[in-house]
Amino acid sequence: MSSKKIDGKAIGQEIREELKEQVASLVKQGYQPGLAVILVGENPASQTYVKNKEKSSIEAGMKSELIKLPDTVSEEDLLKEVEKLNQDDSIDGILVQLPLPKHIDENKVIRAISPEKDVDGFHPMNVGKMLIGQQTFLPCTPYGIMQLLERSGVEIAGKHAVIIGRSNIVGKPMGQLLLQKDATVTYCHSRTNDLKSFTKQADILIVAIGMAKFITGDYIKEGAVVIDVGMNRDENGKLCGDVDYASAEQVASAITPVPGGVGPMTITMLLKNTVESAENKLNSRTKN
Ligand code: NAP
């Protein structure tokens with residue numbers, strides 16, 4: 001069996017085209033949505049992510065603001081920058097690129113971002129809202145995966161979804177979003193005994209571990225849908241996922257590649273959250 005490739009690049013592009021139209025319509029009404037990104041230090045991976053976010057928001061027609069701070073910046077000064085952006089009426093989304101230097105408390109910084117501008121969906125208030133199924137900003141990677149599944153016509157209700165990984169930004173919220181769409185959800189992690197006995201039961205298998213090509217075809221049930229969140233380098237320095245694509249695609253009915261699967265969706269959903277934030281603001285103004 002050769003499986004269908006779930007093309008994150010194409011689906012991401014489709015959503016970005018929709019966003020462009022939404023932004024154009026807001027601009028026509030006299031308002032340009034704005035995304036601000038704070039980058040602390042010189043971490044090369046963070047610099048690349050931030051550059052991509054800036055480029056993508058400009059392509060969508062949005063205002064983009066980058067605030068670069070040295071890695072010696074104090075927590076107090078960083079919090080002041082966040083507060084300035086909270087008060088800035090031209091900014092709808094605030095993102096602080098993680099990780100932060102060790103002397104800064106990441107949780108404190110996340111809590112300082114106004115929940116109305118928390119387009120990463122990391123603020124505890126938004127995490128709580130997501131958990132109880134209220135309208136809020138969803139964390140971008142799991143939100144993007146839901147879009148991949150839905151736009152590829154994957155049935156979720158009644159299916160057994162197995163998630164490997166329980167991080168706050170991927171695994172945990174992923175399970176909650178699938179549960180809300182009526183999947184039966186199992187979480188696995190590094191302390192799970194006999195991982196394969198769980199993955200073999202999965203109709204939908206989400207892999208977010210951070211270990212190159214860890215999940216091979218023999219972990220996968222015939223006909224399962226496999227979503228590979230991992231971003232690793234293989235022995236030749238080439239970008240690869242947590243799933244061994246060559247053996248997995250022999251068994252799966254559909255699978256995301258790396259690159260070109262989940263990756264392009266994450267930034268797309270960040271833009272979508274920012275546009276939604278701008279729309280919320282304008283709607284609340286017309287109501288008042
Ligand atoms: P993380 O915080 O390091 O979490 C990894 C999870 O995998 C943990 O829950 C860990 O279990 C579990 N795990 C580790 N070894 C395992 C094993 N042998 N068997 C079963 N579970 C195991 O990572 P993350 O932030 O969720 O990211 C996961 C991967 O996704 C990384 O490769 C990351 O680069 C990638 N990622 C990609 C995107 C994207 O946009 N494409 C976005 C975010 C992350 P414990 O909890 O027990 O330690």
Side-chain angles (χ1 to χ4, degrees), residues 5-9 11-13 15-16 37 43-46 48-53 55-56 95-100 106-107 110 119-122 127 137-149 161-178 185-202 205-216 218-220 226-235 237-245 248 255-273:
K5 184 171 88 174
I6 298 180
D7 188 344
K9 218 171 153 189
I11 296 174
Q13 192 53 40
I15 299 174
R16 285 180 201 217
V37 178
N43 178 325
S46 294
T48 307
Y49 293 143
V50 164
K51 216 181 275 168
N52 286 339
K53 285 166 186 169
K55 184 170 160 261
S56 304
L95 180 148
V96 179
Q97 186 64 45
L98 303 178
L100 291 171
E106 273 183 12
N107 287 324
I110 290 170
V119 286
D120 250 343
F122 291 168
V127 175
F137 299 120
L138 301 177
C140 300
T141 301
Y143 188 15
I145 293 171
M146 292 307 287
Q147 292 285 320
L148 284 181
L149 294 172
V162 175
I163 296 148
I164 323 180
R166 54 175 167 178
S167 69
N168 289 337
I169 60 166
V170 187
K172 275 184 204 152
M174 188 70 250
Q176 291 305 315
L177 297 183
L178 287 163
V185 175
T186 300
Y187 285 101
C188 298
H189 45 79
S190 70
R191 305 295 300 274
T192 299
N193 290 328
D194 194 6
L195 181 65
K196 202 182 275 183
S197 69
F198 294 99
T199 60
K200 277 287 208 183
Q201 295 177 42
L205 180 64
I206 314 271
V207 190
I209 307 175
M211 287 165 87
K213 302 183 189 177
F214 184 81
I215 296 297
T216 43
D218 54 326
Y219 278 80
I220 299 166
V226 178
I227 304 290
D228 186 356
V229 188
M231 280 203 305
N232 316 290
R233 296 276 162 193
D234 69 9
E235 58 283 2
K238 241 180 92 186
L239 193 64
C240 73
D242 290 345
V243 176
D244 175 46
Y245 191 88
I255 181 167
T256 56
V258 177
V262 175
M265 296 301 290
T266 300
I267 296 185
T268 304
M269 302 326 284
L270 175 74
L271 302 180
K272 193 168 167 65
N273 280 343

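Just so it is clear, the values below take in all heavy atoms, side chains as well, and ignore hydrogens, waters and symmetry mates. All ligand and atom numbering here is 1-based and tracks the order in the structure.
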Heavy-atom side-chain proximity of [X] to [Y] below 4.5 angstrom:
X	Y	result
Leu178	Leu149	yes
Met146	Met269	no
Ser46	Pro99	yes
Leu95	Val50	no

Contacts table for ligand 1: protein N or O within a distance under 3.5 Å of ligand N or O, distances only.
{"unit_1": "ligand 1", "atom_1": "9 (O)", "unit_2": "Arg166", "atom_2": "N", "d": "2.8"}
{"unit_1": "ligand 1", "atom_1": "11 (O)", "unit_2": "Ser190", "atom_2": "N", "d": "3.2"}
{"unit_1": "ligand 1", "atom_1": "21 (N)", "unit_2": "Ser190", "atom_2": "N", "d": "3.3"}
{"unit_1": "ligand 1", "atom_1": "26 (O)", "unit_2": "Ser167", "atom_2": "OG", "d": "2.6"}
{"unit_1": "ligand 1", "atom_1": "30 (O)", "unit_2": "Val229", "atom_2": "O", "d": "3.4"}
{"unit_1": "ligand 1", "atom_1": "32 (O)", "unit_2": "Met231", "atom_2": "N", "d": "3.1"}
{"unit_1": "ligand 1", "atom_1": "40 (O)", "unit_2": "Thr266", "atom_2": "OG1", "d": "2.7"}
{"unit_1": "ligand 1", "atom_1": "46 (O)", "unit_2": "Arg166", "atom_2": "NE", "d": "2.7"}
{"unit_1": "ligand 1", "atom_1": "47 (O)", "unit_2": "Arg166", "atom_2": "NE", "d": "3.4"}
{"unit_1": "ligand 1", "atom_1": "47 (O)", "unit_2": "Arg166", "atom_2": "NH2", "d": "2.8"}
{"unit_1": "ligand 1", "atom_1": "47 (O)", "unit_2": "Ser190", "atom_2": "N", "d": "3.2"}
{"unit_1": "ligand 1", "atom_1": "47 (O)", "unit_2": "Ser190", "atom_2": "OG", "d": "2.6"}

Determine which pairs satisfy salt bridge (charged side-chain N to carboxylate O under 4.0 Å, His left out) with at least one residue from residues 206-215, sequence neighbours left out, and list them in order.
->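 Checked against salt bridge (charged side-chain N to carboxylate O under 4.0 Å, His left out) - neighbours excluded - the pairs reaching residues 206-215 are Lys213-Asp234.
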
If you measure from CG on Asn193 to NZ on Lys196, what distance do you get to the nearest 0.5 Å?
->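 One finds 15.0 Å between CG of Asn193 and NZ of Lys196.
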
